[in-house]
Number of protein chains: 2
Amino acid sequence: MPRTRHARLDCSPGCAVEATLQFIDGKWKGVILFHLFERTMRFSELRRRLASVTQRMLTAQLRELERDGLVARTIHPEIPPRVEYSLTERGRTLHPVIMVLKDWGDMHALPAPAPSAAA
Amino acid sequence: MPRTRHARLDCSPGCAVEATLQFIDGKWKGVILFHLFERTMRFSELRRRLASVTQRMLTAQLRELERDGLVARTIHPEIPPRVEYSLTERGRTLHPVIMVLKDWGDMHALPAPAPSAAA
DNA sequence: CCGTATCCATTTAGATACTG
DNA sequence: CAGTATCTAAATGGATACGG
């Protein structure tokens, strides 16, 4: 969620909508969360899944998710270092949110499945 | 949705999540849509509901929503001018999305209702 | 392997003034 | 009333180099 970090909005109804967006917005957070719902992953795995993300951005987004209590970071003190990211309890509560976003995207945002026969 | 306008992402699964966010992100779009679900509103009404939005931003966000086919703009040729904004069919399909966002926000994002007695 | 630090281009958004 | 124009501040995000 770019813009100012969780700026307190003048909370009229509808504010909760923005409040939620603050957490999942931010160019990569949605996808990161989506992948972490599948399973815990290490940094390099996420990086591969996101493909075009830079190290800097991935780190930054993960840090924000961590700071918002949505993602947990586990450091395994090995050589070479291994760091794993998983969803917290709070993070898991976002499951319905992410899924609704994905469903709408599949149905309305992406071009069109271009079916071979029926339409 | 700030960042680059609907940049085509490398669509792996999870892309649909971002794709949806592209439409409802953007500091005010979520709330604008939320209010338009209630009813059609004119520019000044929306402005009052958003309170801290500037004219420039409200216009910009509405233009993007219009361009994405989510909101319809109706100009009533009167003096003084009256312009009304309403949801399109496509816009209405976002209802479950916005509601899930609102519900999560109410439950997890906002401080805490601070009840007088029970907790 | 998993980051952080720095530099820089782009984008976003606020304030303000003006128009039909 | 409902915008548009301009100017500027701030934030985002990409590239690159370096560190534990």
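Computed from a prediction, not measured in an experiment: that's the story for all the values here. Residue numbering restarts at 1 for every chain, and letters A, B, ... go by the order of the sequence lines.
Summary of the strand contacts: Ala60(A) and Val53(B) both lie near DNA chain C, and taking for each the nucleotide with the nearest heavy atom, the more 5' one is attributed to Ala60(A).
At dC1(D), none of the side-chain N or O atoms of Tyr85(B) fall inside 4.0 Å of OP1 or OP2 (strictly under the cut-off). Note on Arg63(A): a side-chain N or O is less than 4.0 Å away from OP1 or OP2 of dT4(C).
A heavy-atom distance below 4.0 Å to DNA chain C is reached by none of the residues of residues 38-46 of chain B.
One interatomic measurement links the two molecules: CG of Leu58(B) to C1' of dT12(C), which rounds to 16 Å at whole-angstrom precision. Atom NZ of Lys27(B) and atom C1' of dA11(D) are 10 Å apart (whole Å). Rounding to whole angstrom units, CE of residue Met57(B) and P of dA10(D) are separated by 17 Å. Separating the CZ atom of Arg48(B) from the C1' atom of dA2(D) is a distance of 13 Å, rounded to the nearest angstrom. Going from atom CH2 of Trp28(B) over to atom P of dT12(C) covers 16 Å, rounded to whole Å. Ile75(A) has its CD1 atom 15 Å from the P atom of dG20(D), to the nearest Å. With rounding to whole Å, Gln61(A) atom CD is found 14 Å from dG3(C) atom P. Going from atom NZ of Lys29(A) over to atom C1' of dG13(D) covers 14 Å, rounded to whole Å.
Atom CD of Glu89(B) is surrounded by 12 or fewer heavy atoms from other residues, nucleotides or ligands within 6.0 Å.
Salt-bridge check for Glu45(B) with Arg39(B): passed, with a basic side-chain N closer than 4.0 Å to an acidic carboxylate O.
Across all their heavy atoms, Ala16(A) and Lys102(B) have their closest contact at CB-O, 3.5 Å. Taking all atoms of both residues into account, the shortest heavy-atom contact from Trp104(B) to Leu94(A) is CE2-CD2, 3.3 Å.
Counting any heavy atom pair closer than 4.0 Å across all strands shown, Arg47(A) reaches no nucleic acid atom.
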key: Step-by-step salt bridge (Lys or Arg N to Asp or Glu O under 4.0 Å) determination, Arg49(A) to Glu38(A)   = CA-CA 12 Å; Arg49(A) 303 242 177 168; Glu38(A) 190 188 329; 2.8 Å; yes
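Here the rule is side chain to side chain contact (heavy atoms under 4.5 Å, CB included) with Trp28(A), and of Val53(A), Leu62(A), Leu46(A) only Val53(A) fits it.
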ask   = How does protein contact run along nucleotides 15-20 of chain C, one letter per nucleotide 5' to 3', with B for base contact, S for sugar-phosphate only, - for none, heavy atoms under 4.0 Å?
value = B----B
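No side-chain donor-acceptor contact under 3.5 Å links Arg73(A) to the backbone of Ser86(A).
Annotation: side-chain hydrogen bond (donor to acceptor under 3.5 Å, both in side chains) contacts of Glu84(B) (sequence neighbours excluded): His76(B).
Seen from the ring of Phe43(A), Arg48(A) does not count as a face-on cation partner, given the 6.0 Å and 45° thresholds.
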